[in-house]
Amino acid sequence: MYRFAPSPTGDMHIGNLRVALFNYICARQKNTDFILRIEDTDKARNIEGKEEEIKEILKIFGICWQHYYIQSQNLKFHRQMALKLVSEKKAFACFCTEEELEIKKEFAKKQGKAYRYDGTCENLSHIELLECEKPFVIRIKKPNHTLKFTDLIKGQLGFTPENIDSFVIMRKDKTPTYNFACAVDDMLENVTCIIRGEDHVSNTPKQEHIRASLNYNYAVTYAHLPIILNEENTKMSKREAHSSVKWLLEQGILPSAIANYLIILGNKTPHEIFTLEEAIEWFDIAKVSKAPARFDFKKLLQINREHIKKMPDEELNKLLNCDKNLAKLAKFYTQEASTLKELKEKIQAIFSAKDYKEFTTECVILKNILQKMQSFENYEDFKNELLNQSALKGKKFFMPLRIILTGNTHGPELNELYPYIKQFIYELARI
Ligand code: GLU
């Protein structure tokens with residue numbers, strides 16, 4: 001069982017999508033179920049509507065799930081399990097106030113030490129928590145031995161009890177913290193492998209400790225994915241446009257290309273260009289590099305061009321939103337345009353009224369001829385006939401012709417373009 005557990009707290013970024021893709025691929029490879037769990041325990045940061053957006057984005061990428069739920073729906077289980085741990089003396093109510101803790105944290109800081117909970121409330125006499133009036137949190141007692149686990153990417157990792165600490169599992173408002181809700185839910189759902197970003201590495205021993213305390217002994221495997229760096233080699237921020245999946249899609253980068261790129265990012269793959277279905281055949285999570293991956297937008301654009309070229313014409317035509325059959329012309333233009341947005345601009349420039357620049361007279365002459373001229377299969381014949389009839393030469397011939405055919409003063413070789421444009425010559429001569 002695999003799961004993707006996004007928080008509905010912001011736009012889906014490429015790091016999230018990479019995690020979703022890898023979990024989905026591994027679930028498909030293992031022929032097991034995939035859960036989409038919306039982790040909404042941090043109420044203050046939740047943004048309304050984000051879960052629908054996450055679902056929409058996953059669907060666009062062909063990622064489907066067998067189970068879906070919102071984490072807060074499991075609140076009664078989180079509370080039950082927390083009380084069970086308290087009754088077994090594996091967890092305890094902590095009445096320390098924020099102010100008291102703050103003073104201790106400051107003190108530790110001054111001594112140059114990392115703050116650790118000092119056990120003040122650990123041995124208080126038994127308290128009937130359900131009737132207790134004073135606000136409290138519940139902390140789980142730190143483990144008494146080093147916790148080790150194997151990460152498919154990072155190898156063996158170990159955390160001492162000091163590193164894990166007696167941490168909070170239930171907040172004052174009787175809602176679970178992320179670590180507790182996540183550990184309990186993964187346990188209830190029998191999740192067997194957890195793939196997530198490496199920012200969660202230090203949470204893993206805490207979650208292992210929670211499950212062990214609840215006597216859950218099934219082994220969970222982990223793969224923590226290295227962070228994604230931007231082109232300046234610093235951690236890619238959620239605020240950078242390139243990191244927003246929505247933004248990339250709006251630019252007209254195909255979902256198949258984004259998925260392809262995120263799979264090759266910091267990874268050894270047998271091919272460079274592939275579909276998600278193909279990747280399911282050979283993807284190996286253990287081959288993902290330990291080192292941070294560097295996001296290369298140009299590489300993504302190159303992959304996008306390849307996906308556009310490989311796309312069935314009919315499908316591409318639909319995406320171009322045009323009543324003519326322009327797929328082949330669009331594919332030709334990938335030599336100078338990388339996204340659907342750029343391709344649409346190129347095509348629009350061809351089929352809209354032109355700016356003749358300083359070539360107005362020549363353009364008028366050529367258009368008059370073109371309106372009456374027979375059609376030609378090949379460019380040489382077309383050009384020669386037009387040269388003959390117009391008596392124009394050199395730049396005064398080629399520039400206006402290029403403007404009439406493309407709407408631009410520079411661009412692809414006209415002889416290469418001609419096969420894709422020849423059926424529209426009369427139309428272009430009348431614009
Ligand atoms: N909700 C967490 C996040 O969005 C996911 C944690 C996990 O996968 O365990 O980062």
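Just follow the structure's listing: the first ligand is 1, and inside any ligand the first atom is 1.
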Report task. For atom 5 (C) of ligand 1, find the nearest protein heavy atom and state the residue, atom name and distance (0.1 Å precision). Result -> Ala5 O, 3.1 Å
Report task. May I ask you to check whether Asn230 and Thr234 show a side-chain donor-acceptor distance below 3.5 Å? Result -> yes
Query raised in the report: Tell me: protein heavy atom nearest atom 10 (O) of ligand 1, and distance?
Result: His200 NE2, 2.8 Å
**Report entry** Distance filter under 4.0 Å to Cys182 heavy atoms, resulting ligand 1 atoms
**Finding:** 9 (O)
**Report entry** Which residues share a ring pair (Phe, Tyr, Trp, His ring centres under 6.0 Å) with Phe22, sequence neighbours left out
**Finding:** Phe283
Query raised in the report: CG/Leu214 to NZ/Lys84 distance, rounded to the nearest 0.5 angstrom?
Result: 6.5 Å
Query raised in the report: Hey, is ligand 1 close enough to Ser7 that some N/O pair sits below 3.5 Å?
Result: yes
Query - Check: Phe95 ring centre within less than 6.0 Å of Phe136 ring centre - result: yes
Report summary line: A student checking ligand 1 against Glu39 at a 4.0 Å heavy-atom cut-off should list atoms 1 (N), 2 (C), 5 (C), 6 (C)
Query raised in the report: ligand 1 and Arg196, any nitrogen or oxygen pair closer than 3.5 angstrom?
Result: yes
Requested in this report: Mark the output for Tyr178 as yes if a heavy-atom distance to ligand 1 is under 4.0 Å, and as no if none is.
Outcome: yes
Query raised in the report: Within the structure, does Arg3 bring an N/O atom to less than 3.5 angstrom of an N/O atom in ligand 1?
Result: yes
Report summary line: Hits for salt bridge (charged side-chain N to carboxylate O under 4.0 Å, His left out) against Glu198, two or more places apart or cross-chain, chain-then-number order -> Lys154
**Report entry** Derivation and outcome, ring pair (Phe, Tyr, Trp, His ring centres under 6.0 Å), residues Phe351 and Phe424
**Finding:** CA-CA 9 Å; Phe351 292 99; Phe424 305 116; 5.2 Å; yes
